[in-house]
Structures are given as structure tokens and as C-alpha cells.
Amino acid sequence: MRQPTSEHESHIRDAVALARANADEGGSPYGAVIVRDGVVLARSVNTIHRTNDPTDHAEMVALREVSRRLGSKDLAGCIVYASGQPCPMCHAAMRLSGVREGYFAYAAEEADRYGLQTAGLYAEMCLPLAEQPMRLAQIRPEGETPPYAVWRDRQAG
């Protein structure tokens, strides 16, 4: 169900206000709000400065909270509002959780102008593995079969 534009604007403003308050407290300038059927399920900020966990982006914190709250990894029907364009990790997590709609206030290129580096990550991840700055290569163990068949068989059983 699509929300009226005024509700979108309200949730985006909330995410931006969360980001601004977090920056004022020494954190990164990112906030996120997750809504389903007009109900706010989570409001969060980037908490890396508190936890030293590099995955504690505002969207990730909110996704974890909503998943726990709903008791499900399937967040279909949820809408994510973010102060900034979600990084590749957050974008992928949103997709993997079933989120099909999201909005952000400020583009990654805008953040880069202030010393944040999300836009570059998107560009790097589009390169072939051999051209990316972080080495990532396949080492397939000899004589092993992929564990994917075990997973598939358990799903069917």
C-alpha cells in the first residue's frame, strides 16, 4: 500500500532529524525509519561510534530491530526511509529482507563532498573482482561439495 506523499515527507524528515542529532552527539550523520501499513516500526541511527561494529549503519540497526519485533526475516511490505542513500551493504540487506520500497533524502555523491565515501563503494563493487581494491578470490576446496545442496534438501524436507 503506497503512502501519501505527505507521509513520505514526514518520515524522511524524521530520518534526517535522527541523523542530525546523531552527528551532534559524535556519530555519523545517518538515520533511518522503517514503516509498514502507516505504523513506524523502528527509528534508528548509525551506532558504529558506540559499538565499533562496522555494520551498525542506521538501516541495518533498524532492519535488525524490525526483524526481532516481527519475529521474521521477511520484511515484505515495509518501507525504509533513510537520511542518506543506503550503502551497498544496507541496500543488499533491504533487498534480502524483502523490502521493495525505500526513500532517501541525500544522494551518496552529496555525502562524498563532506568526506563520507559511499558513492565510491558503489562504483568499486561494479568492477570485476580482479579490479576491486579489496582482494576477493575464489578458492574452491578440492574434493568438497558445496553446502548449498544440504540447505536445499532441508528446505524441501
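Note: hydrogens, waters and symmetry copies are ignored here, and every other heavy atom, side chains too, is used. Given the structure is predicted, the values throughout are model-derived calculations rather than measurements.
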Evaluate whether atom CZ of Arg100 has more than 12 neighbouring non-hydrogen atoms of other residues, nucleotides or ligands under 6.0 angstrom away.
-> yes
For Gln117, does the CD atom have more than 12 heavy-atom neighbours from other residues, nucleotides or ligands under 6.0 Å away?
-> no
With a 4.5 Å cut-off on side-chain heavy atoms, are [Y] and [X] touching?
X      : Y      : answer
His49  : Ser28  : no
Leu41  : Val35  : no
Phe104 : Ser83  : no
Lys73  : Ser97  : no
Pro86  : Val80  : no
Pro29  : Leu116 : yes

If you round to the nearest 0.5 Å, how far is [atom2] of [Y] from [atom1] of [X]?
X      : Y      : atom1 : atom2 : value
Met94  : Leu75  : CE    : CG    : 10.5 Å
Leu121 : His91  : CG    : NE2   : 14.0 Å
Glu59  : Met89  : CD    : CE    : 8.0 Å
His8   : Glu101 : NE2   : CD    : 5.5 Å
Asp74  : Leu96  : CG    : CG    : 11.5 Å
Gln85  : Thr118 : CD    : OG1   : 8.0 Å

Closest heavy-atom contact between [X] and [Y]?
X      : Y      : value
Ile12  : Ala82  : CD1-O, 3.8 Å
Asp112 : Ala119 : OD2-CB, 2.9 Å
Val16  : Ala105 : CG2-CB, 3.6 Å
Ser44  : Ala58  : OG-O, 2.6 Å

For side chain to side chain donor-acceptor pair (under 3.5 Å), just list the numbers for Arg64 and Thr55, CA-CA rounded to whole Å, side-chain angles, deciding distance to a tenth of an Å, and then say yes or no.
-> CA-CA 11 Å; Arg64 289 178 192 127; Thr55 69; 2.8 Å; yes
Per-pair distances, 0.1 Å, donor-acceptor, side chain in residues 142-157, under 3.5 Å, sequence neighbours excluded:
none

Those residues that, when tested against Arg13, pass salt bridge (charged side-chain N to carboxylate O under 4.0 Å, His left out) (two or more places apart) | Glu9
Ignoring hydrogens and geometry, is there a side-chain-to-backbone donor-acceptor pair from [X] to [Y] under 3.5 Å?
X      : Y      : value
Glu110 : Ala107 : yes
Ser72  : Ser67  : no
Asp56  : Thr51  : no
Arg43  : Ala32  : no

Could you label the plane-to-plane angle of the Tyr103 and Tyr81 rings as parallel, tilted or perpendicular, counting under 30° as parallel and over 60° as perpendicular?
-> parallel
Between His57 and Tyr30, does the ring centroid distance fall short of 6.0 Å?
-> no
Can [Y] be reached from [X] by stepping across I, L, V, M, F, W or Y side chains whose heavy atoms are under 4.5 Å apart?
X      : Y      : result
Tyr122 : Tyr114 : no
Met134 : Met125 : no
Ile79  : Val40  : yes

Val45 and Val61: CA distance, side-chain angles, deciding distance, side chain to side chain contact (heavy atoms under 4.5 Å, CB included) verdict = CA-CA 7 Å; Val45 296; Val61 173; over 6 Å; no
Between Asp53 and Ile48, does a side chain to side chain contact (heavy atoms under 4.5 Å, CB included) hold up when you go through it step by step?
-> CA-CA 5 Å; Asp53 180 341; Ile48 293 171; 5.8 Å; no
